[in-house]
Every structure is written in structure tokens, then in C-alpha cells.
Amino acid sequence: MEKVIEIQHLSKSFGTHEVLKDIDFSVQKGEVVCVIGSSGSGKSTLLRCINLLEKPSGGKIIYNGEDILGDRHDIHAYRTKLGMVFQQFNLFNNHNVLNNCVVGQVKVMKRRKEEAEKVAIKYLNVVGMDQYVNAKAQQLSGGQKQRVAIARALSMEPDVMLFDEPTSALDPEMVGEVLKVMKDLAKSGLTMLIVTHEMEFAKEVADRVVFMDKGVIVEEGPPEQIFNQPQKERTREFLKRTLR
Amino acid sequence: MSLDWVITILTDNWPMFLRGAGMTLWISVVGTLIGAAIGLIIGIIHTIPMPERGMKKITLKIINGLLSAYIEFFRGTPMIVQAMVIFYGSAMAFGFDMDVFTAAIFIVSINTGAYMAEIVRGGIISVDKGQFEAAQAIGMNHFQTMINVVLPQVIRNILPATGNQFVINIKDTAVLSVIGVTELFFQTRTVSGNNFRYFESFFIACILYFIMTYTITLLLRRLERKMEGPSNYSMIGGLPMQVVNPEDPSHKIKE
Ligand SMILES: Nc1ncnc2c1ncn2[C@@H]1O[C@H](COP(=O)(O)OP(=O)(O)OP(=O)(O)O)[C@@H](O)[C@H]1O
Ligand SMILES: [Mg+2]
């Protein structure tokens, strides 16, 4: 299998606080990987290091065989290849739904406006938000915002989608609609790396589950193994606390 | 006071008052706009992420230092004194007489720029960090992030403060009479110097200043409301769908 992203000995410290310690980990093409772990274990920091919103303190990030921490690498071009979905949606407040999905294509990818709009509408349709093209971010519910945010990321046609707890800021009745969209995306063969607290969802869609604790990957494997026969004591403890 | 005098002064001198008010307005408009542009540009430069090392870091540090010096200097000295220094100083230092109108625009612009830079900086800081991150995450560089995402939000946030600055400029251009700019205060002084009716003449100026500032205030309020945009949106076709239907072939990602 072809590795899209490979992380070697990744570490990250904030001051003296070591948040990620010697992480080795990779994502294969077409794979859906769910990252679970308790609060503060470094899951968000891992995602943010992968798309360089945080600068890793050490280690390597290899994307399609290239070391993207190398001096000459164009990080902006790299970032367009990773779609990012935030917990807080972060839709552009000064753009309507359509332009949220268009502005990156036009300004970064230099696509023509008409083409970009077609692509945007295609993905807004995928998330079921194509009828809201004229709405402003402030006029949408949380679930709708998050679906637009997913469409915005998809519109850049990335190789990998990164999700950082995409449903954690949602009211319970809106979690379902977002997870549904993500399940459809997983089925379509998209490569996805998802940080989530939704264990049922992880069980259902993940090809592989990664359990993190205190800045290290404690255990990883297929969902059946992690959820039914966890090998490590820390995994068992965490699951006992969360699944109930 | 006599209302008769006010009417007489107005009938005799209205073109001078009008020209003065026009000059005041013109200098304030151009000065505020250029000043706001200076403020925005400084805001962009001030928020460029500091490179870790090398020439770029040193250059950026020097530029930021110079810009800070500019801001502090112009905020810390009276405009009336700046006007004298710049107008007479330019003649001495470069041996050319700056045309008073150019000098007036120049002084108001750089003065406003110093104030606006701080206002813009506050405006940029108040934009949610998530907006920057989302822009960066789709591959925008600092400049693209600023132009396409952050500054439009900043401009909306700082509009009230900019309007305020505009009103201040209308009033403060009066000090430019010291270098002979023929704005409203200068014209009023000329008129009153001829008729010796100081109270009535300046009463007229007072009213004119107020009409200008109040009109600007009202206009800006309308603009602010307009920039809020419509409070509702129109849906495209039929009822909104809440969730994607996986059976629907149009929802397949990969064709
Ligand atoms: N910018 C920062 N500066 C300092 N410390 C930080 C910063 N960002 C994160 N941390 C610290 O790093 C640790 C890991 O944070 P992180 O957000 O990655 O955890 P997480 O696993 O995503 O938790 P959660 O499930 O609550 O989102 C925490 O202790 C946090 O306080
Ligand atoms: Mg997190």
C-alpha cells in the first residue's frame, strides 16, 4: 500500500511542556484512520503539526515521499493537499457559503471562477448544503456550518482530509448529520484522518484506530482489536472510562 | 448678537465660506482615506509572522522598528507643530517650497496613518484566530489571508473608529491655517478680519463645521448598517435538505 503521509520521530514541545513524543505513524491512500484518546493527550497537536499550523520541534513529515520540513519545501502548496476541518468550523465570516468554498480555489489554486463555482456546488451537494449558497456563516446552524466547512475542504480536492473533533462543538441533535456526511465520504474511498470522541463512529468507519495517551501512540490497530481486544492496559482503562 | 449681521455676512461672503468648507472637507476626505490605507498596510506588515532566522528576520525587525517609531512620533506630537516642521522644514532641507495643499494632505494623511495603524492592529487582533488558521489550512499565504479573509472583517470592525477619525480630521484641519491652507477656519478669520464681527463670523463657521461632522456621522452609520448585509438569505430551489441521502447517486464523490 502506498503511504500518503508518513511521520517519523515527530515531537512537539510548547516551552518545556512536551506534548508529542517521538510519534511514528503513517496514513495509507484510501485509509480511514481514527485517533482517540483522552483530553490533552496531544491529538489536536498531532493534526496541527501534520498541516504545519504548529511547527514540529523534531522529526520528519514525509508526504508522497517528500520531506516537507525540508528548507525548500513550499508549505502553502503542501497545505492545499490536506483538507482541514476544525472543531469550531471556522467558516470565513466575510464570505457566503459558496464563496467559502470558492475563494481558496481561485486565490490559491488559481482556478477560474466559473470552474471553482462548479466544483464548490458539487461538494456542497455532497454535504447537502447546495441550497444554502447565498447564506452567510452566521445564519447557519452548527451542523450546517460544519458541513459547509467539509465542503470547503473538499473543494480544494485534497489527497487527505484531516478532521479535528468535527462534532464536539455541536448540539447533540446535529452530530448525526455531520457524522453521516463523513461516513459517506469514508465509503467513497477518501483518505481520512479523524480525531474523534465518537467511539461508535470510529468502530463503524475506521480501517485503523490509533489510541494516544500523554503524547505517545500507545496502541494502534483495526477497530475490532482496539475496541474488543485491546493489548495495552492504558487502552483498556481509557475505553472502560469512555464506553459505558 | 444680531441675526441681521449673520445674514449680512453670509450674503456678502458665502463663496468664501463655501470654498473654505469645501477645502476642509476635501483635505479630510483624502487625508482620512490615505491615512486608512497607511494604517492597513502597516497592519499587514506588523502581523507578518516572524521568520526564525536569517536576513528576512533582520529586515522585518528593522521595518517594524521604523514603523513603530513613526507611529509613536506622530501620535506624540501636536499636528500644528508637525505642520510647521514639515512645511518649513521641507523648504529648508530640500530647498523646495511644498505647495500648501500638498503639504496639508501629507500632514493629515501621515497623522491619520499613525492613529489608524493602531486601530487596524486592534482590529486584526480581534479577528478570531480560527479565521487565520482556516485560511492557512487551505494554503493561503500571509498576504492572501489578509486580503481575502482578515482585512474585510477588520475594515468592518474598524469602520466606526475610522468615522471617528474622519470627524476629528474635519475639526483638526483648522490648525493647518498656520501654514496658510485656505480651509474654513482660515477663511473665517479673513472674513472677520475685514468686518470685525468675530462672533457672528465664527458662529457661521461653527454651524458649518457641525453640519459637516454630523452629516458624516449619519452617512457612516448608514454604511455600517449596509455592510451588515441582508439579515436573511434566499434558498436555492425547494426545501432544504438536512442530511445527504447515500442512495442518491448525485451524492457520490468520485465520478
Ligand atoms: N499553543 C499551545 N501552547 C501551549 N500548550 C499547548 C498549546 N496547544 C496545546 N497545548 C497543550 O498541549 C497538550 C495537548 O493538547 P491537545 O489540544 O493536542 O490535546 P487533545 O488531545 O486534542 O485534547 P482534546 O481532546 O481536549 O482536544 C495540552 O496539555 C495542552 O494544554
Ligand atoms: Mg483537541
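Here is the naming used below: chain letters follow the sequence lines, and residue numbers restart at 1 for every chain.
- Using a 4.5 Å cut-off between heavy atoms, A:Leu53 contacts chain B through its side chain alone, with no backbone atom that close.
- Pairing each heavy atom of A:Arg152 with each of B:Ala134, the nearest pair is NH2-CB, 3.5 Å.
- Counting only distance, with no hydrogens or angles, the side chain of A:Gln88 and the backbone of B:Gly130 share no donor-acceptor pair below 3.5 Å.
- If you measure heavy-atom distances from A:Gln138 to chain B, the contacts under 4.5 Å come from the side chain alone.
- With a threshold of 4.5 angstrom between heavy atoms, B:Asn148 approaches chain A through its backbone and through its side chain.
- Shown here is A:Lys203, whose NZ atom has more than 12 heavy atoms of other residues, nucleotides or ligands within 6.0 Å.
- Between the side chain of B:Gln131 and the backbone N or O of A:Leu91, at least one donor-acceptor pair lies under 3.5 Å.
- Using a 4.5 Å heavy-atom threshold, the side chains of B:Ile138 and A:Phe92 count as touching.
- Put simply, of A:Asn93, A:Leu52, A:Asn99, the one with the most heavy-atom pairs under 4.5 Å next to chain B is A:Asn93.
- Heavy-atom minimum distance, B:Gly139 versus A:Thr80: CA-CG2, 3.9 Å.
- The two atoms that bring B:Met140 and A:His76 nearest to each other are O-ND1, 3.5 Å, heavy atoms only.
- At most 12 heavy atoms of other shown residues, nucleotides or ligands fall within 6.0 angstrom of atom CZ in B:Phe143.
- Annotation: side chain of B:Val149 is in contact with side chain of A:Asn94 (closest heavy-atom distance under 4.5 Å).
- For A:Lys55, the part sitting under 4.5 Å from any heavy atom of chain B is the side chain, from C-beta outward, and nothing else.
- Enclosure of atom NZ in A:Lys183 by more than 12 non-hydrogen atoms of other residues, nucleotides or ligands within 6.0 angstrom is indicated.
- Of the atoms belonging to B:Gln136, heavy atoms from both backbone and side chain fall under 4.5 Å from chain A.
- Looking at every heavy atom in both residues, B:Gln144 comes nearest to A:Lys107 through NE2-O, 3.0 Å.
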